[in-house]
Each structure stands twice: as structure tokens, then as C-alpha cells.
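Values reported hereafter were calculated over all heavy atoms of this structure, with side chains retained and with hydrogens, waters and symmetry mates removed.
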Amino acid sequence: MTPEEIEAHFTRTDGQYLFARWQRPIVPVVFGVDDQTLEILKGAVEAGVALAGHQMAETDPELGVNLMFFFFREWDELIAVPDLGRMIPDLEPLVGRLKSADANQYRAFRFEENGAIRACFVFLRMDQALSKMPAESLALGQVVQSLLLWSDQAFATQSPLAVAEGHTILRPDIAGLIRAAYDPVMPVQSGDPTHALRLYARMQAGQT
């Protein structure tokens with residue numbers, strides 16, 4: 001992966017470079033799935049956190065939980081979720097925009113004072129496309145996209161996942177990028193495109 005490709009993964013459609021990672025331990029919770037899918041998703045979170053060299057915890061002292069996955073059939077179901085409107089500002093207009101766009105997923109992030117990720121809300125409308133995906137692939141892909149603040153176009157043309165010997169895996173270049181992003185010497189947040197050069201250097205160091 002070149003420095004330019006790394007930069008593109010964190011450059012938004014408005015041209016702004018914006019990177020952030022988690023600082024506090026991750027505490028996930030999942031709504032709307034059966035026990036089997038729940039275990040698959042929790043396993044994916046554990047694998048992603050281990051890859052990053054980050055930490056998980058049983059509870060967040062401020063928030064209780066800070067990585068929330070919601071699975072549902074229709075966007076309107078979110079409006080009926082107790083207290084969700086307090087956590088997601090302007091929830092009803094957001095639902096309206098997502099319905100108009102026929103979207104099947106949306107992620108909302110909250111940030112610490114220093115810009116690190118404080119919380120992430122993952123909303124998945126299980127339409128035909130998502131329902132056809134193997135649970136392992138869906139879980140891994142969503143966890144990867146929750147570990148960092150990626151560009152809104154980061155995976156528009158190429159998935160972070162690949163298939164090797166019949167198994168879905170995280171692309172090695174994306175895995176290397178996540179590891180580099182969580183290197184202790186790297187900042188938890190950056191709006192400077194030269195940050196991509198530092199990520200590239202850490203990735204190269206990790207390959208030696």
C-alpha cells in the first residue's frame with residue numbers, strides 16, 4: 001500500500017483528511033440477532049481488537065457500553081428504540097435521509113476531547129444484499145470499519161475483506177494499516193495528510 005493509497009483511506013469526499021482511533025477500551029453490545037450470530041460478532045470484535053493491539057473491557061465507566069450494533073429490517077424501527085434519540089442527534093431526519101438513499105448501513109461516531117473515538121453506533125438494515133452475506137463476513141467487515149474513522153469512500157470500490165482458500169479474511173494490507181494506526185507512537189487523531197506518511201513508515205517497519 002502506497003502513502004497515497006493510505007491517505008485516500010482517510011480523505012473524505014470534501015477533501016478533508018481525518019483520522020481517529022479508539023483510546024478507551026472497547027465494550028461492545030449487539031441488538032437484534034440470535035445467539036449464534038451474537039457469538040460470531042463478539043468473536044469478530046475480539047479478533048479485531050487483538051489485531052490492533054488494543055483492549056476490551058466488561059464495562060465503560062462513563063457510557064456502560066461504547067460500541068453498539070443494531071440489526072433490523074426497516075429504518076423506522078430505530079425511532080422506537082428507547083433513548084436512541086438522545087444518543088443520535090436529529091434521529092428522525094437521519095432516518096428519513098437513510099430511507100431516501102435506500103441505505104443498508106450507517107455508522108455514527110462520538111469523540112473524546114482529544115479527537116479519539118469515544119463511541120461508535122453501527123446500524124445495519126438487513127436487506128437482501130446484507131442478508132445474503134455469511135455472518136462471519138458481515139461481522140468482520142463491520143468491526144474493521146468501526147476500529148478507525150475511515151473515509152466515507154474508503155471501501156466504496158474494494159472491500160476490506162478477501163477470500164483465501166475458501167475462507168473470508170481481512171486483506172493483509174488493511175490488517176497492516178490497522179496495526180500501524182494503533183502503534184503507541186502514533187497519534188490517536190490527526191487532520192494532517194502527512195500522517196499518512198507516518199502510517200506508511202510504521203507499516204514498512206512492521207514488515208521487516
Side-chain angles (χ1 to χ4, degrees), residues 1-11 19-22 25-30 32-57 66-71 103-107 109 117 120-184 186 188 195-196 198-208:
M1 187 178 289
T2 67
E4 293 77 16
E5 288 171 334
I6 294 172
E7 183 177 340
H9 277 81
F10 303 104
T11 302
F19 163 91
R21 74 182 193 204
W22 289 82
I26 293 176
V27 184
V29 67
V30 186
V33 299
D34 57 28
D35 290 344
Q36 182 179 2
T37 305
L38 175 63
E39 291 306 312
I40 291 172
L41 192 51
K42 285 189 172 181
V45 174
E46 291 170 358
V49 170
L51 167 71
H54 195 52
Q55 304 85 36
M56 295 180 66
N66 53 35
L67 176 56
M68 306 178 201
F69 295 89
F70 296 84
F71 291 76
N104 61 12
Q105 56 187 286
Y106 181 77
R107 277 168 295 281
F109 290 88
I117 297 173
C120 178
F121 305 85
V122 182
F123 302 105
L124 297 168
R125 180 176 69 87
M126 298 304 292
D127 63 359
Q128 188 174 11
L130 289 186
S131 297
K132 285 183 176 179
M133 289 184 66
E136 292 83 357
S137 301
L138 180 61
L140 182 57
Q142 293 302 321
V143 168
V144 166
Q145 294 180 79
S146 304
L147 285 174
L148 297 173
L149 182 65
W150 303 94
S151 161
D152 47 351
Q153 295 294 310
F155 304 113
T157 59
Q158 186 177 15
S159 169
L161 309 181
V163 177
E165 298 180 354
H167 298 284
T168 300
I169 63 169
L170 180 59
R171 279 170 35 205
D173 56 341
I174 297 299
L177 181 52
I178 291 172
R179 281 192 293 265
Y182 276 87
D183 189 299
M186 297 295 291
V188 296
H195 172 263
R198 296 185 61 191
L199 285 173
Y200 176 76
R202 298 314 305 168
M203 289 180 70
Q204 296 304 109
Q207 292 174 2
T208 59

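Under a cut-off of 6.0 angstrom, the local environment of CG in Asp34 is crowded, with over 12 non-hydrogen atoms contributed by other residues, nucleotides or ligands.
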For this session: For side-chain contact (heavy atoms from CB on, under 4.5 Å), just list the numbers for Met203 and Ile6, CA-CA rounded to whole Å, side-chain angles, deciding distance to a tenth of an Å, and then say yes or no.
Result: CA-CA 10 Å; Met203 289 180 70; Ile6 294 172; 3.6 Å; yes
Exercise. How far apart are the C-alpha atoms of His195 and Met186, what are their side-chain angles, what is the distance that settles it, and do they pass the side-chain contact (heavy atoms from CB on, under 4.5 Å) test?
Worked result: CA-CA 9 Å; His195 172 263; Met186 297 295 291; 3.6 Å; yes
For this session: Dump the intermediate steps for side-chain contact (heavy atoms from CB on, under 4.5 Å) on Tyr182 and Leu148, then the final yes or no.
Result: CA-CA 9 Å; Tyr182 276 87; Leu148 297 173; 3.6 Å; yes
For this session: For side-chain contact (heavy atoms from CB on, under 4.5 Å), just list the numbers for Leu124 and Asn104, CA-CA rounded to whole Å, side-chain angles, deciding distance to a tenth of an Å, and then say yes or no.
Result: CA-CA 6 Å; Leu124 297 168; Asn104 61 12; over 6 Å; no
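In terms of modelled atom types and a separation under 3.5 Å, the side chain of Arg21 and the main chain of Ala181 share a donor-acceptor contact. Within the 3.5 Å criterion, the main-chain N or O of Ala103 finds a donor-acceptor partner in the side chain of Arg125.
The aromatic rings of Phe10 and Phe19 sit perpendicular to each other, their planes meeting at more than 60°, with 30° as the lower class boundary.
In this structure, CZ in Phe70 is found 5.0 Å from CZ in Phe123, a value given to the nearest 0.5 Å. For the atom pair CD (Gln105) and CG (Asp127), the distance works out to 9.0 Å, reported to the nearest 0.5 Å. The CD atom of Glu5 sits 10.0 Å away from atom OH of Tyr200, with the distance rounded to the nearest 0.5 Å. Between Thr37 atom OG1 and Lys42 atom NZ the span is 12.5 Å, to the nearest 0.5 Å. Distance check: Ile178 CD1 to Asp173 CG gives 10.0 Å after rounding to the nearest 0.5 Å.
In terms of heavy atoms, Met126 sits closest to Leu138 at CE-CD2, 3.8 Å. Residues Arg171 and Ala162 come closest through the heavy atom pair CG-CB, 3.8 Å. The shortest heavy-atom contact between Ile26 and Leu147 is CD1-CD2, 4.0 Å. Scanning both residues, Phe109 and Ser146, for their nearest heavy atoms gives CE2-O, 3.9 Å. The heavy-atom pair separating Ala196 from Pro3 by the smallest distance is CB-O, 3.9 Å. Listed here is the closest heavy atom pair of Val144 and Trp150: O-NE1, 2.9 Å.
Residues Gln142 and Arg107 form a side-chain contact, since some pair of their non-hydrogen atoms from C-beta on lies under 4.5 Å apart. Residues Ile174 and Met1 have side chains in contact (heavy-atom distance under 4.5 Å, counting atoms from C-beta outward). You'll find the side chain of Val122 stays beyond 4.5 Å of the side chain of Gln145, heavy atoms only. Proximity of Val143 to Phe69: side-chain heavy atoms (C-beta onward) are separated by under 4.5 Å at one or more points. Using a 4.5 Å heavy-atom threshold, the side chains of Val163 and Ile169 count as separate. Under the 4.5 Å side-chain criterion, counting only non-hydrogen atoms from C-beta, Val33 is not in contact with Leu41.
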